[in-house]
Amino acid sequence: MRASGVHTDHNVFPSVLKSRAAPRDPNLISSIHGTIVVLGLVLNLYTGNALMNAYSKLADILLVKKVFDEMPKRDLVSWNTIIAGKGNAKSGIYEEALEMVRMEIHGFAVRHMFDTDVFVGSSLIDMYANCTKVEYSHRVFELLPEPNAISWNSAIAGSVQNGLFDEGLRLFRRMLLAKIKPMPVTFSSIMPACAHLTTLHLGKQLHGYVIRGGFDDNVFVASAIVDMYAKCGNIGTARYIFDGIKVLDMVSWTAMIMGYALHGPAEEALSLFQRMEKENGKPNYVAFVAVLTACSHSGLIDEAWRYFHSMTRDYGIVPCLEHYAAVADLLARAGKLEEAYGFISNMHIRPTASVWSTLLGACRVHKNAELAKKVAEKIFALEPKNMGYHILMSNIYSAAGRWREAANLRIMMKDKGMRKQPACSWIEVKSKVHAFVAHDKSHPYYDKIMETLEVLLEQMERAGYVPNTEDVLHDVEEEQKRDLLCGHSERLAIAFGIISTPPGTTIRVTKNLRIIIACKKGGTSIEDLAEKFPDMIIKVPIDVFKGITDEDAAKVVDGLAPMVADKNTSIEQVKKLYKLFCECDCTLLEINSIAETADNLLVAADAKLNFDDNAAFRQKEIFALRDPSQEDPREVRCCAI
DNA sequence: TCCCTTCAAC
């Protein structure tokens, strides 16, 4: 238009500045700004507002202010832009003022009847969630007459960020039912729910949806997926997704490094960290949390010190609680108990009970009751009502033969009205969560499970299994035998997994408490055996399957096919899906076979899982998600997605 | 013609 000599007046520039290309390009903005000045349009209200907006998207607060200050006339939009433009409120200029009136804003909005406006409503949802007032956040959401996609996203993100994972999943399902199309933001918000719950099959279905929606090239979404697979123990798939990310950023690197730190070999984590330093530049403090966690879990003391010091020296990052915790944990586990004690005592921030507790755990392993007593006093002062720490200390006394002190502690706990949180393990089979507590006979397959455990125990003993009885504190022979069979909830869950899945299926058991020493170090646990002798574990179910009808067995196999594609799925997507889901627990079903109504993968999967053609849009309880923080661990809360 | 709401690693 400029080249053809047509006069460009004040009507043109607001649109030009709002165009797709402009906001990300500082040079383009400057050049447009220059043209505006040359043409004498800089004093125009709309043009000035648009310029302010363009600069605030670049987070160039000084230029936003400059334009604002030079405008002869300002309207509501000018003021809104300077108050709420990106970078302004968040830059801290107005933050203090806003913080003071935060909770009054809602009242103002209600009085002036703005509370049903989507923009105001979505902001309120976000505000309350950020203030950890999720109940208010939900109330605002439920009262919104016409929530848009952003309102849904805000509600979902708010729930997940406050730890209400199944609430987030439920909202996601409702969003689909309300026919609101999810966006990349939706997935990066909801995916952490699966990561935290370690519900791999939910995460996989969301991943399928992401691929079908073409959102998988979004780096936010991809990072969330990497994190989800890593947290669910599927480190290979996490790496596959990670390697497919075109432009890696700090979060994607860190998610992958943390994945290796938690599950994989430390060398992978460390070499990725070094690659990141080269390719991505400055690691931030979370990246250091990841690399220190990797060192800690692999006992790499020298490396840990090197990173810990380099963090401050080379990158100017002040260590925070997580960094201290990783190093303290490392020292403690390595048996350097006194050094760990000194390190924690000299932290420049106040150590929390959880930092001290790694040392307490190490005192138990390394049998240092004296230091344990000192540490426990600090912990009890910080968290007087936490049962776990008291039990741990009482067990340390018992193991040291200091029965009187152990008993005193138990009596004190009873007086304070503390109740033990029962250990619980759960396993997903056929989209259902089966939860077990020790000695629990309520499961319908209880007899089969016991039979399996007996077969297993026999085979284990033949393979050289030596039970670790060190931690059995009251030694009645009968009880020990029973404890070996069903004393640990995870054994019940593993046995159930073995008899209710086809041979070769990966068995994933999750539990609410840390695995006790007997299952972790010394002796041999079922977990160790499963790792060392995979063949043996796989052979067992063939025998045990005998008791189950063919029909039941077939149902189990069918139930493990949550992967569906439809006629709108592109060949490229099918390839990706197939690559991801061709593992033993999933199969790719035939394309073009899905009903018209199944407009998304999740619903199609839902229908398939329930063997019910009409199920597509019915809200069904197809997933049962346990909330580990719940009082009775057997109480299973159901969540449809 | 201009303004406002949502996201990933800890």
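Each chain gets a letter, A, B and so on, in the order its sequence line appears, and its residues count up from 1. Since this is a predicted model, take the numbers as computed values, not measurements.
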Taking only N and O in the side chain of Lys18(A), is any of them less than 4.0 Å away from OP1 or OP2 of dC3(B)? yes
Donor-acceptor pair under 3.5 Å: do we get one between Ser188(A)'s side chain and the base of dC7(B)? yes
Let's see if you can work this out: which of [options] has an atom nearest to the side-chain heavy atoms of [X]?
X: Asp249(A); options: dC2(B), dA8(B), dC7(B); answer: dA8(B)
X: Glu322(A); options: dC2(B), dT6(B), dC10(B); answer: dC10(B)
X: Val77(A); options: dC2(B), dA8(B), dT6(B); answer: dC2(B)

Touch class at under 4.0 angstrom, heavy-atom based, for Asp126(A) against every strand present: sugar-phosphate
Using a heavy-atom cut-off of under 4.0 Å over every strand shown, decide if Met191(A) touches base, sugar-phosphate, or nothing. nothing
Does the gap between the ring centers of Phe242(A) and Trp253(A) come in under 6.0 Å? yes
Contacts of [X] that satisfy ring pair (Phe, Tyr, Trp, His ring centres under 6.0 Å) - sequence neighbours left out:
X: His138(A); answer: none
X: Tyr46(A); answer: none
X: Phe187(A); answer: Phe172(A), Tyr209(A), Phe215(A)
X: Tyr324(A); answer: Phe308(A), Phe343(A), His348(A)

My understanding is that only residues two or more places apart in sequence, or in another chain, count here; which of them pass side-chain hydrogen bond (donor to acceptor under 3.5 Å, both in side chains) with Ser151(A)? Ser122(A), Asn148(A)
Can you tell me the distance, in whole Å, between the CZ atom of Phe242(A) and the C1' atom of dA9(B)? 12 Å
Just the rounded figure in Å: distance from P of dC2(B) to NE2 of His10(A). 13 Å
In numerical order, the residues of residues 274-290 of chain A whose heavy atoms come under 4.0 Å of DNA chain B are Asn284(A), Tyr285(A), Val286(A), Val289(A)
